[in-house]
K.L.:
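Below you will find the structure I want to go over with you.
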Amino acid sequence: MKKIHLLIIKAFIRPFIATFFVVMFILLMFFLFKYVDDLIGKGFEWYTILELMYYQSMVQISMALPLSVLLSSIMTFGTLGENYELVAIKSAGISLQKAMRPLMLLILILTVGSFFFSNYMLPKANLKFYSLMYDVRNKKLAFLIKPGVFNNSIPGYSIRVDRKDLDGTLYGITLYDHKGSNGIPKVIKAKEGEMNKTSDGKYLVLKLKDGVQYEEQANNNGIYNPRQVLVRSRFKETEPKFDLSSFEPSRTDPNAFGNSTVMLNLKGIDKKRDSLGKVLDTLNKNTSANLSNNFRQNNSAKGYSKLKITPKKIGDQILASIPAGARKQSIESASGVVSGISQNLSNGAPRYKDLVGEIIFTSVEYQRKFTLAASCVLLFFIGAPLGAIIRKGGMGLPVVVAISFFLVYHILTTVAEKSAREGSLNPIFAMWFAFIILTPLAAFLTYKATVDSALFDVNYYKQFFMKLFRIKQKED
């Protein structure tokens, strides 16, 4: 390998690593903003949130990797062009295509790696993420005391405090115990208290000081009577215990989500699509059989009549062609047939729609395994020529150009995918729609960069329009 190739690879790897982690950080921030209500105030340990972010970062690679390739390729060749290194390379007899060859090889390796990641690692990351996210969303609120607000997190109790110090000391405590004897609630009020967990962490101990307890007595038969005596007892210290077993986060078995399409590899998706196709065929056959039963003629005692009757032409006036004595019976029979058809269609249509949607989604996810890998190649052949043409490095203009092209790619892919899931486009065509649109652009930019075209040179366009203006003046 030539030194010039090592120079270009080193110039590419540095911005690629930097932009990849910057993009991943931004995407993780978006994730936190989106799910902040599910994560904050539920008493999760820090490592649980880090685990969730780790799985989410694996999921976000499908978006971060293509954007990083596009951005780093623009920055690399933009910096080389800005420092006149591309001019030196071409003056040494090395064309742009030859200069890009080591990066092409590197991108191909990255493409193969991204395909295996998308097929083997990404389904497992999705499985872990969605199972953990399910636990997060279904976990009860952590025991969090806020001054002036009743807290009902602990089943059977309501707690309110007037003030809370930074060291955890509580003041003006009111505790409603709804698990009192015979279903009659009791009230505990205390001037001061503090909360601590037992050594095993299974119980919460609320140490109360200088308080009073109110409790109404029931009749001997256990029936509450508001005329009964209110018992009041004072205390210097008391320590009610609360069971915290319901607050322990339970971990759902990830295999419970394993049949979801996004959590399957190519083999699993193909198998699921075949299974759904068989279910759809069975549903169509059953629906067809049920509909045909509504049109059977059961006039003869032995089933179908073998009599050959000359068909009778019926015009617009259908009732007029029916004998007067049989019109009511004919209308009732027709109404029954229509009612049966309507019921069969109403029962089968939702299931049919769901099955078709699932089959389309499996096709979309099947193609997505390949589009992630192919997007790296496509965006490289857009970014590298763009960098050589604009000849600007750094995080300024290259970032704007890269984000603009990536948004175009992402919007085209998203719109086409949505149309495919609605049944408007073929799933295979939809997932490759952005490539079909942007591949000619990549070829055009590569050609323009090869011939040193001033595609984004403002002075070139000024001179061009000045020439047109002069030619027009001479003609006049």
Side-chain angles (χ1 to χ4, degrees), residues 32 35-52 132-252:
L32 289 178
Y35 294 104
V36 63
D37 293 335
D38 296 318
L39 299 175
I40 301 301
K42 290 199 173 183
F44 289 105
E45 299 292 342
W46 61 271
Y47 54 81
T48 303
I49 298 178
L50 284 182
E51 183 182 1
L52 195 63
L132 184 56
M133 198 65 201
Y134 177 82
D135 296 333
V136 168
R137 286 178 168 177
N138 289 277
K139 182 180 180 298
K140 295 182 179 180
L141 293 175
F143 189 79
L144 184 63
I145 298 296
K146 294 183 179 180
V149 179
F150 276 100
N151 189 289
N152 301 314
S153 298
I154 299 179
Y157 297 91
S158 298
I159 303 176
R160 182 185 182 277
V161 298
D162 295 334
R163 183 165 56 90
K164 181 179 179 181
D165 285 349
L166 295 177
D167 60 356
T169 304
L170 308 175
Y171 300 93
I173 304 169
T174 303
L175 172 63
Y176 287 89
D177 182 2
H178 301 286
K179 292 184 177 180
S181 58
N182 297 317
I184 302 174
K186 61 181 178 180
V187 182
I188 301 175
K189 298 180 72 69
K191 294 182 179 180
E192 183 181 339
E194 59 183 26
M195 302 170 61
N196 296 295
K197 283 185 178 181
T198 56
S199 58
D200 57 5
K202 294 183 178 180
Y203 294 93
L204 177 69
V205 179
L206 182 59
K207 188 176 182 180
L208 302 177
K209 300 178 182 179
D210 297 330
V212 59
Q213 175 177 307
Y214 300 92
E215 185 176 5
E216 293 179 349
Q217 298 294 327
N219 292 328
N220 294 331
N221 57 7
I223 301 175
Y224 171 71
N225 187 347
R227 296 182 180 180
Q228 293 297 322
V229 178
L230 178 66
V231 178
R232 180 178 64 183
S233 57
R234 296 185 179 275
F235 59 86
K236 282 291 182 181
E237 284 190 4
T238 186
E239 295 182 353
K241 281 186 177 182
F242 308 102
D243 187 8
L244 295 180
S245 59
S246 60
F247 293 90
E248 292 297 325
S250 59
R251 298 301 292 269
T252 305

K.L.:
Taking NZ, NE, NH1 and NH2 as the nitrogens, is one of them in Asp162 or Arg160 under 4.0 Å from a carboxylate oxygen of the other?
P.N.:
yes
K.L.:
Nearest 0.5 Å, please: how far is OH in Tyr171 from CD in Glu194?
P.N.:
9.5 Å
K.L.:
Which heavy-atom pair separates Ile173 from Glu192 by the least distance, and what is that distance?
P.N.:
CD1-C, 3.8 Å
K.L.:
Roughly how far apart are Leu206 CG and Lys241 NZ, rounded to 0.5 Å?
P.N.:
13.0 Å
K.L.:
Can you tell me how far apart CZ (Arg234) and NZ (Lys236) are? Round to the nearest 0.5 Å.
P.N.:
10.0 Å
K.L.:
Holding to side chain to side chain contact (heavy atoms under 4.5 Å, CB included), I want the full list of residues that pass it with Thr238, two or more places apart in sequence or in another chain.
P.N.:
Leu208, Phe235, Pro240
K.L.:
Does the side chain of Ile159 reach to within under 4.5 Å of the side chain of Leu170, using non-hydrogen atoms?
P.N.:
no
